[in-house]
Each structure stands twice: as structure tokens, then as C-alpha cells.
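Report on one structure; see the data block that follows.
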Amino acid sequence: MVKARAPATTANLGPGFDTLGMALNLYLQVEVELLGSGIEIVFSGVRDRSIMESPQENLIYKAMNFVFKQALYRPTGLYIEIDNDIPIGKGLGSSAAAIVAGMFTANRLIGDCFSPEELLRWAVTMEGHADNIVPCTTGGLTVAMVCQGEVFYQQVKPGKELQVVVAVPEFILSTERSRSVLPAQIALPAVISNLQQACFLLASLQNGDFTHINKAMQDMIYQPLRKQFIPGFQQVLQSALEAGALGAALSGAGPSIMAFTTSGQETVVGQAMEEAFDGAGVKVQVLYLKPDMQGVHYY
Ligand code: HSE
């Protein structure tokens, strides 16, 4: 039996579109065993029937098969047990966790034929973006860079006092839909603002200097366009900041909104975000999380 645990992730962090990401202490656990024949998938926790119940549609199984194919290996049969705490289709990297957990369990099952770097590269190919896959694999706060088709990354360890509050709306927003409103080109002033803010944010988090994170987490590129999908978006950001959040932004492609706080402030910020969403007619689940420093691992 091979068991792997992959964390949820929050991508973009405001200005770092398709670049910055952070692993969170909320997990997808996958246990896999070889069978003589057949495919058996057993679930517990958060699930989406349409994408999980048939093996052909199950992303974990697809990711496992990707690795098996690279090794020219055909399992006789598989037993896959999935225990998932990551909300699906909410901008918390559920598909990245499924792909990473699938690839890492498959690789262990065939005797670690491939390196973690190879798995990471394939996972990015399968997911389409690196900003969730990288922190899911490595843990921590990461910068992903895709250069001439190759994935490069740096990991930064955020300060231990950093807390992450996430308000998760009850509705789903697909990454595809959320990206459909983005233009092919961006005006230079917006690009310059985002570059300045992304670099400033990264340096602030690395130095543990949270003084101007609220300004650094602003974004001129995608949030102004995506907020049409999220009732109350502006009020939720505003309420989080007024309640003492260090900064707040759309989590990945949304619809969840995340806020950074220091220890002790998280409940007040979470309640403020919930009330603001409620005022816009959106019910949310509020998650109180911390950065995960480990990334995917066997247990
Ligand atoms: N950066 C992506 C987006 C998130 O905002 O569309 C998923 O990788």
C-alpha cells in the first residue's frame, strides 16, 4: 500500500498571476494498492461525483496512468482510496493536489522510476499552470517560472506567524470560465504595477515585514475582470482589511477569497469576510489555515 498526502494551495496571491503560490495545511490523501484485476475507487470527505466516480474521469487515476505510461507499465488492477478535505472548484488547487498525489503514488508503486522533478514537470503539463503544482509539490511559498517549456522554481519559507483565512463560496467557478474573461494583451501601466507589487510582496513575506502587504496584494490584471463572477468581491476585500487582515486577494481562479493575518486576528477577519459575502447573498465556509511547509509526502 502506498499512501501520499498533497496539500491545498492558493495561487496568485494578488499580483503574482500564474507565478506565486502557497501550500496550505488542508489535504488530499490517497492510498493505492495493486489488485489482480479491476479498478476500485473508494471516497471519503469532499467529493464531486461528476469528476470522481468514474475511473476515466477521475483526475487522480488519470495522473497515475500518465506515470504508468511513461514507465511502459500496465497494472493488472488498482485499489484507490481517496480522503479529500480540499473544496473542489473553489480556487484552492484541488486539481493540482489530485494530479500531484496521483503521480507520486504511481511513481512509488513502480519503485520510484522517476525523479520528483520529472513528476513536477509532467504535473504542470497536465494541469496547464505551474502556480498551484509547484507549492503543492514542494510546500511553502513558491515562485514558478516557465521558461522555454521548462519549469523552474524558488521556494521561500513564510514566517510562522502568518495565518491564511479563506472564505469559500458555495458556488463553483471553473478555472476555464474564470480565464475566459482575460484579454490577450495588458496595458503597460498595469503590467508595471503588478511587477512592482509582486516583487514587493515576495520580499515582504520573505523578510517577515508585513507593513505594506495590503498595497502589495493589489492586482491590476485579472481581479478587475474576474470580480464580475463573485458577488460582493470588493466589499469582502474591504471588510477583511478593515478587520485587520494584512492583505487579501482572490484565491487562484476563485471564487474563494483569501486573506493573510497574523495570529489572533484570524477569527475577526473570517467573520468580517463571511458577513460581507452574506450581505451580497453568498453563503460561505470560512477556513482558518496556515502555510504547509512540506508539500506532497508519503506517510
Ligand atoms: N493562476 C491560475 C489562474 C490559477 O488564476 O487562472 C490556477 O493555476
Side-chain angles (χ1 to χ4, degrees), residues 6-24 26 28 48 51 59 63 86-103 120-147 149 151-155 164 166-169 171-186 190-191 193-195 197-198 201-202 217-230 233 236-237 247-259 292 295-296:
T9 43
T10 180
N12 302 333
L13 305 180
F17 185 66
D18 279 3
T19 305
L20 297 179
M22 183 183 275
L24 302 170
L26 185 73
L28 163 71
D48 178 329
I51 60 170
L59 203 47
I86 307 174
I88 295 169
K90 311 285 190 177
L92 285 167
S94 60
S95 60
I99 292 168
V100 169
M103 288 196 173
L120 186 143
R121 188 157 40 86
W122 293 334
V124 171
T125 305
M126 201 165 170
E127 169 75 345
H129 317 112
D131 53 349
N132 285 112
I133 293 286
V134 170
C136 181
T137 306
T138 67
L141 164 63
T142 57
V143 184
M145 178 173 80
V146 181
C147 197
V151 185
F152 302 87
Y153 64 86
Q154 289 289 327
Q155 187 205 43
V164 185
V166 189
V168 186
F171 65 90
I172 284 176
L173 176 59
S174 73
T175 301
E176 199 183 7
R177 180 144 190 256
S178 192
R179 288 182 90 90
S180 70
V181 293
L182 303 184
Q185 295 183 334
I186 304 283
V191 174
S193 290
N194 270 55
L195 271 174
Q197 286 152 356
L201 176 65
L202 189 62
M217 285 181 74
Q218 289 174 23
D219 153 70
M220 306 288 287
I221 290 180
Y222 62 94
Q223 287 187 166
L225 296 158
R226 286 179 166 172
K227 67 182 182 192
Q228 63 184 292
F229 295 124
I230 298 135
F233 178 77
V236 176
L237 289 194
L250 193 64
S251 181
S256 297
I257 296 181
M258 58 78 67
D292 163 281
V296 66

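The basis for the numbers below is simple: all heavy atoms, side chains too, and nothing from hydrogens, waters or symmetry mates. Ligands are counted one by one from 1 in listed order, and the atoms in each one are counted from 1 as well.
- Checked by atom type, the side-chain pair S256/S251 shows no donor-acceptor distance below 3.5 Å.
- Of the residues T9, D131, V164, the one that meets the side chain to side chain contact (heavy atoms under 4.5 Å, CB included) test with M22 is V164.
- Tested against M258 for a side chain to side chain contact (heavy atoms under 4.5 Å, CB included), the candidates L250, N12, L13 yield a single pass: L13.
- Evaluation of the salt bridge (charged side-chain N to carboxylate O under 4.0 Å, His left out) rule for D219 yields no partner, not counting sequence neighbours.
- Checked options L26, I172, V166; the residue passing with P87 is L26 (criterion: side chain to side chain contact (heavy atoms under 4.5 Å, CB included)).
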Ligand 1 polar-atom proximity to protein (N/O, under 3.5 Å):
unit_1   : atom_1 : unit_2 : atom_2 : d
ligand 1 : 1 (N)  : N12    : OD1    : 3.0
ligand 1 : 1 (N)  : D18    : OD1    : 2.5
ligand 1 : 1 (N)  : D131   : OD2    : 2.5
ligand 1 : 5 (O)  : N12    : ND2    : 2.8
ligand 1 : 5 (O)  : R226   : NH1    : 2.8
ligand 1 : 5 (O)  : R226   : NH2    : 3.4
ligand 1 : 6 (O)  : R179   : NH1    : 2.7
ligand 1 : 6 (O)  : R226   : NH2    : 2.8
ligand 1 : 8 (O)  : H129   : ND1    : 3.3
ligand 1 : 8 (O)  : D131   : OD1    : 2.7
ligand 1 : 8 (O)  : N132   : OD1    : 3.1

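- Listed for the S94 side chain is no donor-acceptor partner under 3.5 Å among the backbone atoms of K90.
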